[in-house]
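Sequential numbering from 1 along the given sequence is applied to the chain's residues.
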Amino acid sequence: MKAQTEQRTGLLYGFGAYGMWGLVPLFWPLLKPSGAIEILAHRMVWSLAVVGVALLAMRRWGWIRELLRQPRKLALTTLAASVISVNWGLYIWAVNNGAVVEASLGYFINPLVTIAIGVLVLGERLRRAQWAAVGIGVAAVLVLAIGYGRPPWISLVLAFSFAAYGLIKKKLNMGGVESLAAETALLFLPALGYLLWLGTQGRSTFALDDPGHSWLLAATGLVTAIPLICFGAAAIRVPLSTLGLLQYLAPVFQFGLGVVYFHEAMPPERWAGFSLVWVALALLTWDALRTARRSRARLAEAGASAATAATTTAATAPATTASEAAVAVAVAAEVAGGAEVAGAVHGAPEPPPTVATPARGPA
């Protein structure tokens, strides 16, 4: 009963996180006349303040000393901060310049780009369904390029930057709150310096006569941190496969807002391109669920075989104590599980979803 309650709570947190990321296009236009770079700088500065308060409440500080003692890890964190800055800045610019639909496409194709990076960078092998999904995704980009009259560069930069960020985070292996704190701390001084420079040039919008605008700029820290906290609460309560399905909520909401609320044009060729992307994602989801189901079945079968073997051994060797038999069952099950995991990693890996980059959502 407790497990069901925890999972239900996790689902609510997951819906909350991806729902907020999906509705965030409604927030960025409220910050006009601030430009995308100024909004990004405020987001970095105020995010550090919010995360600092969270770290004070949780009393998590040991990771800072560990990070500073590892130059390679610090360099990767700096790279991650730079990549996510490109992602954030372009997304804000896209929303405030009437390209919400194209921005949503970036997060639709992100799983496909993540798979491609896994093949090209990590040398992973794909199943046939995954290859088919990637091929359909490439065809979709070509159709959209014809429809736009140019490559959908906003979508591609968002997708590749977020996928690269996920790859870096995979190597860093840091918690969500800690990673956000480290990245915003590295970006804090440049961001603050830029905001101070805007002020000296008389171009800052923070000190306008309208105090509400200043409060909205300060709220960028909350807009960044709250979905992240909800995501972290969901990640420890629901299976990764469930989070992998929930990830599509954000671009679906963004696409809907772009078409219905912002009234962006959707000519037939654009609908055709998006339809191909959705077919590719449906194929990926079906393949992932099928593979997960087969893996669970094989693990259950291996565990049952190990238990049977241990029981037979105990029956034929009376000297074996009950505790020794239990150890044999546990070791055999662990070996069987390890072989299954190794096969999944080195054989045909399941496509890593966006949730493989738990430190940040699509915004």
* Asked: Looking just at side-chain N and O atoms, do Thr77 and Glu183 make a donor-acceptor pair shorter than 3.5 Å?
  -> no
All N/O donor-acceptor pairs, side-chain side in residues 273-284, below 3.5 Å, sequence neighbours left out:
from: Ser275; atom 1: OG; to: Trp271; atom 2: O; distance (Å): 2.7

* To do: Validate the cation-pi geometry between Arg237 and Tyr13: distance from NZ or CZ to the six-membered ring centre under 6.0 Å, angle to the ring axis within 45°.
  => no
* To do: Please state whether the rings of Trp46 and His42 are parallel, tilted or perpendicular, taking 30° and 60° as the class boundaries.
  => parallel
* Asked: In terms of side-chain heavy atoms, does Thr184 have a donor or acceptor partner in Ser47 at a distance below 3.5 Å?
  -> no
* Asked: Sub-3.5 Å donor-acceptor pair from the side chain of Gln254 to the main-chain atoms of Trp21, do we have one?
  -> yes
* Structure fact -> Contacts of Tyr261 meeting ring-ring contact (aromatic ring centres under 6.0 Å, His included) (sequence neighbours excluded), chain-then-number -> none
* Can you measure from CZ (Phe206) to CG (Leu216) and round to the nearest 0.5 angstrom? => 10.5 Å
* To do: State whether the side chain of Gln130 and the backbone N or O of Arg127 hold a donor-acceptor pair below 3.5 Å, judged by distance alone.
  => yes
* Ignoring hydrogens and angles, tell me if any N or O in the side chain of Asn110 forms a donor-acceptor pair with the backbone of Gly106 under 3.5 Å. => no
* Structure fact -> dist Leu144:CG -> Arg270:CZ (nearest 0.5 Å) comes out at 8.0 Å
* Just by modelled atom types, is the Glu102 backbone N or O under 3.5 Å from a matching donor or acceptor in the Ser155 side chain? -> yes
* To do: Could you walk me through whether Trp88 and Tyr91 pass the ring-ring contact (aromatic ring centres under 6.0 Å, His included) test, one step at a time?
  => CA-CA 5 Å; Trp88 280 0; Tyr91 185 83; over 10 Å; no
* Set of salt bridge (charged side-chain N to carboxylate O under 4.0 Å, His left out) partners for Glu264, sequence neighbours left out -> none
* For Leu90 and Trp153, run side-chain contact (heavy atoms from CB on, under 4.5 Å): C-alpha distance rounded to whole Å, both residues' side-chain angles, the deciding distance at 0.1 Å, then the answer. => CA-CA 11 Å; Leu90 180 58; Trp153 66 271; 3.7 Å; yes
* Output the distance between atom OG1 (Thr205) and atom CG (Leu31), rounded to the nearest 0.5 Å. => 8.0 Å
